[in-house]
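Here is the structure we will look at.
Only heavy atoms go into these numbers, but all of them, side chains included; no hydrogens, no water, no symmetry mates. Owing to the predicted nature of the structure, the values given are computational and were not obtained by experimental measurement.
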Amino acid sequence: MRPAKLHKYLTLCLLLMPTVLLWAKDRPKIGLALSGGGARGMAHVGVLKALEEKHIPIDYIAGTSMGSIVGGLYATGMSPEDLEWAIKSVDWDNALKPSPKRILKDYQQRQEEKDYFADLEIGISKDGAKSGTGLASDHKVMLELQRLVGTFNEQDFNQFPIPYRAVTTDLNEGEPYVIDHGDLAMAMRASMAVPLVFGPVKHQDRMLVDGGMLNNLPVDVVKAMGADIVIAVNISSPLAQVNEQSSVVAVTYQSIDVALVQNTKKSLKLADIVIQPALEGIEASMFNRAAEMINEGYLTTYAQSEQLIDLALPKEQYITHLESRNFLPREIPSRISFVEFTGNQRTSNERLMTRAASLIGQEFTTKVVQNFVDQVVSKEEDIQVMTYHIDGDAEQGKGIVFKVQEKRWGPDYLKFGLKVADDFDSNTRISLLIRHHRYNINRKGGRWVNDLSIGALLGWQSELYQPLDFENKYFATANIDATKDTRRFYEGINATGEYDHKKFGFGFNLGYNPNINSELRAGIWYQDESVVPVINDIDFETAINRTFGLKVNYGLDTLEKTIGARNGYDIKAELGIFDRVQYLSFDGFKRFPFFERSAAHLRFKFDFTDLVEEQENFKAYGGIDDFAGYPTHSLLGLNAFLLELGWNTPLTPIDLPILGTPDLSVRTHWGNVWQRNINIEDMIYGFSAGFSFDIQETVMFLGTGYSNNGEARFYLRLGTGF
């Protein structure tokens, strides 16, 4: 550059410098308002990424629901790149499910969910009956939010690198409530507490839910914080279309959405700049399309460059601005020196501290703590949610203090299930299932469980379960079992009568849990069975008649999920040594994964009986679960064998309204039932096939089957326990 031109350039810079510095000092304060919208809120990350690339400073930030999560994390000093990693790292499908992962449940819990899939329960206390406050699990969402936020001591949101507000709705006052201090993860959780899905959050004696109900796009909040210019990012879903053919569910959802859309429209009028990613075809539940939404937010922001250009800082000044926003320091102990629990009343400290012993001395990572909390809440069923913070000093070391929130609707709980079975042969069986639970009746976690069945099967099973140590490795039980099952009597495949099969028994067991997947128990039992004719004069004896002796049970369950599992074992074995009968029963299957979603199925089932009279019977087979071409319970005998091979696969090209995607199962069976002499030449063979649907945690099955010497039959099953 020539000396003359260089002189003019330097002179111009000197003349403009005071103006630039003055503008930087007195520049308008820019606020960012981020709306709610479920998964669509991931587009906020792309907006922030574009704003940083354009050197636009953010001085204040407020958000609702998903906007409160993205905004809160950004306000603590996270970069857009950190935000993108954080949001994508959350297993949202798991976090929003009502119950813990099956792999975290113990053997008894896994058996219970076969009859009671839905994790909906009614609490019974001295104040009457209560229900839970939300369908989704509180603790899993809180765990994910705490993992994202980390642990820091700052409670004043004004002291964040960017002053921040979380917008909620006060249910009792019927007005928006803005959280400006406290636990950041809890503030985010309150802001996203969609009614019915999540329960409300108690904060300063207020019951708070999703802020989107009254203020989905908090432009007014950002202005009140001191912003001169507000950039509003609206990612809320547009209204659907309803007509006279719309369902009551669709109309109800639309009624709720109308209020949200109206308050969003009012806020848009107050904003100076509006960024509104189209997000076409993306619904509020599509968390699996994060990359697409982030990119859409990024591109939409760049498309409005002309509106944003006047807000940009020169590069050097913007770098200085970013450097002034210090990332909030996290309290991270190198080692966990101690663990404490607060807030627990029904759940004993001894049990919790026994579970926490493995944490002491470990290197602190959020994953370690998250896994621990997940395991505790999964097994301690009186606990609703656990949060934590770091405490301690240089002298005693740093440790973790867990705050336990037990279910407010206990201490007794009721669950409900349903079984409907129809073979389209005037044989419809309907039973209502009710389960009562009482947990933590003593310090070691004793519990009382009652199962009641009303309908075709009348039954009452009661168990008092007492762990003998704080780890629940060993246990003792006292049991009562009383049932009356109305069944048909068959000669061949023709019904000739009806009878009531009555069972009664009580016993005491000692048990051992080898691991989380299995259980072994043995005990002294008294058992009695009888047959009472209802239609026609049927007279036959059972093999278990007023008998006393030893019963040993073993169970193993490693299935990845209850229905449609692709991998794992499910085994039940029972040995009975009584004064009038001895028997060995086994029923187990293994699933082998094939291809991406399918699984092969291998099952063995047998009963062998001794010390019985010729005319007595022990087991009843027949139906879709055993020999599909024969009526249910039509094959009676003392000994039985069944080999079953099959294939399971989801029919993904089919997605039916309400029913969803069906699972196809095909089975072929080989075996028989004998009174005395087992003859391999008498084997019955056949097949069965059907479709099952998982409808809101309730299974519907429709299928058919055939066995040689039997006939083709059709079956319908609805409810749980199949």
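A donor-acceptor pair shorter than 3.5 Å can be found between the side chains of D422 and T428. Of the N and O atoms on the side chains of Q527 and D481, not one donor lies less than 3.5 Å from an acceptor on the other residue. S692 and R717 are not linked by any side-chain donor-acceptor pair at a separation below 3.5 angstrom, with hydrogens and angles left out of the test. When only modelled atom types and interatomic distance are considered, R355 and N472 share no side-chain donor-acceptor pair under 3.5 Å. Between the side chains of N515 and S518, a donor-acceptor pair is found at a separation under 3.5 Å. Side chain to side chain, Y554 and E574 fail the donor-acceptor criterion of an N or O pair below 3.5 Å. D607 and S585 form a side-chain donor-acceptor contact under 3.5 Å, judged by distance and modelled atom types alone. For the residue pair T347 and D382, no side-chain donor N or O sits within less than 3.5 Å of a side-chain acceptor on the partner.
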Audit row: E121, H437, side-chain contact (heavy atoms from CB on, under 4.5 Å) steps and yes/no: CA-CA 10 Å; E121 60 186 12; H437 259 131; over 6 Å; no
Side chain to side chain donor-acceptor pair (under 3.5 Å) between R147 and S89, worked out: CA-CA 10 Å; R147 178 181 66 83; S89 72; 3.0 Å; yes
Y474/Y512 under ring pair (Phe, Tyr, Trp, His ring centres under 6.0 Å): CA gap, chis, key distance, verdict: CA-CA 5 Å; Y474 301 93; Y512 169 61; 5.2 Å; yes
Verdict with supporting geometry, F589 and F604, ring pair (Phe, Tyr, Trp, His ring centres under 6.0 Å): CA-CA 6 Å; F589 67 82; F604 287 102; over 10 Å; no
Full working for side-chain contact (heavy atoms from CB on, under 4.5 Å) between T342 and V401: CA-CA 7 Å; T342 64; V401 178; 4.1 Å; yes
Residue pair T477, N479: steps toward the side chain to side chain donor-acceptor pair (under 3.5 Å) verdict: CA-CA 6 Å; T477 72; N479 299 77; 2.7 Å; yes
Verdict with reasoning, Q146 to V149, per side-chain contact (heavy atoms from CB on, under 4.5 Å): CA-CA 5 Å; Q146 283 203 290; V149 169; 5.8 Å; no
Residues K572, D587; criterion salt bridge (charged side-chain N to carboxylate O under 4.0 Å, His left out); working and verdict: CA-CA 5 Å; K572 290 184 178 65; D587 188 1; over 6 Å; no
Worked check of side chain to side chain donor-acceptor pair (under 3.5 Å) between K140 and Q370: CA-CA 9 Å; K140 290 190 291 186; Q370 187 175 12; over 6 Å; no
Step-by-step side-chain contact (heavy atoms from CB on, under 4.5 Å) determination, D570 to L556: CA-CA 6 Å; D570 189 359; L556 173 67; over 6 Å; no
Derivation and outcome, salt bridge (charged side-chain N to carboxylate O under 4.0 Å, His left out), residues E463 and R521: CA-CA 13 Å; E463 177 176 272; R521 59 170 70 187; 2.8 Å; yes
Derivation of the ring pair (Phe, Tyr, Trp, His ring centres under 6.0 Å) call for Y715 and F701: CA-CA 8 Å; Y715 300 90; F701 173 85; 8.0 Å; no
Side chain to side chain donor-acceptor pair (under 3.5 Å) evaluation trace for Q111 with E519: CA-CA 11 Å; Q111 302 318 294; E519 176 191 274; over 6 Å; no
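Here the closest heavy-atom approach between residue T558 and residue G568 is recorded as OG1-CA, 3.4 Å. For the residue pair R346 and G410, the shortest heavy atom distance occurs at NH2-CA, 4.3 Å. The two residues N545 and E529 have their closest heavy-atom pair at OD1-O, 4.2 Å. Across every non-hydrogen atom of V581 and T609, the tightest pair is CG2-CG2, 3.7 Å. Between D210 and T169, the closest heavy-atom pair is O-OG1, 2.9 Å. Closest non-hydrogen pair, L145 versus A185, comes out as CD1-O, 3.6 Å.
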Please table the atom pairs, donor to acceptor, closer than 3.5 Å between any side-chain atom in residues 445-457 and protein atoms at least two apart or in another chain.
| unit_1 | atom_1 | unit_2 | atom_2 | d |
| --- | --- | --- | --- | --- |
| W448 | NE1 | S462 | OG | 3.0 |
| N450 | OD1 | W460 | NE1 | 3.1 |
| N450 | OD1 | S462 | OG | 2.8 |
| N450 | ND2 | H436 | ND1 | 3.2 |
| D451 | OD1 | Y116 | OH | 3.2 |
| D451 | OD1 | R435 | NE | 2.7 |
| D451 | OD1 | R435 | NH2 | 3.3 |
| D451 | OD2 | R435 | NE | 3.3 |
| D451 | OD2 | R435 | NH2 | 2.4 |
| S453 | OG | L457 | O | 2.7 |

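In this structure, F504 and T483 have side chains that are not in contact, with every pair of non-hydrogen atoms separated by 4.5 Å or more.
Between K105 and the options E113, E380, E112, a salt bridge (Lys or Arg N to Asp or Glu O under 4.0 Å) holds for only E113.
Counting heavy-atom neighbours within 6.0 Å of K473 NZ, excluding the residue itself, gives a total above 12. F508 CZ: 12 or fewer foreign heavy atoms inside a 6.0 Å radius. For E471, the CD atom counts as loosely surrounded, since its 6.0 Å shell holds 12 or fewer non-hydrogen atoms of other residues, nucleotides or ligands. Counting heavy-atom neighbours within 6.0 Å of I103 CD1, excluding the residue itself, gives a total of 12 or less. Counting heavy-atom neighbours within 6.0 Å of K590 NZ, excluding the residue itself, gives a total above 12.
Y465 and F475 have parallel rings, their planes meeting at less than 30° on a 0 to 90° scale where 60° marks the start of perpendicular.
Residues that satisfy the ring-ring contact (aromatic ring centres under 6.0 Å, His included) test with F592, not counting sequence neighbours, are absent from this structure. Residues satisfying the salt bridge (charged side-chain N to carboxylate O under 4.0 Å, His left out) test with R488, not counting sequence neighbours, are none. Scanning for ring-ring contact (aromatic ring centres under 6.0 Å, His included) contacts around W525 gives an empty result, with sequence neighbours left out. By the ring-ring contact (aromatic ring centres under 6.0 Å, His included) test, F606 pairs with F586, F608, sequence neighbours left out.
Once rounded to the nearest 0.5 Å, the distance linking CZ of R351 with CG of N344 reads 11.5 Å.
Taking the centre and axis of the six-membered ring of F470, the NZ or CZ atom of K444 falls inside the cone set by 45° and 6.0 Å.
Within the structure, salt bridge (Lys or Arg N to Asp or Glu O under 4.0 Å) contacts touching residues 548-566 (residues at least two apart or in different chains) are R102-D557, K114-D557.
No donor-acceptor distance shorter than 3.5 angstrom exists from the side chain of K407 to the backbone of Y413, with no hydrogens or angles considered.
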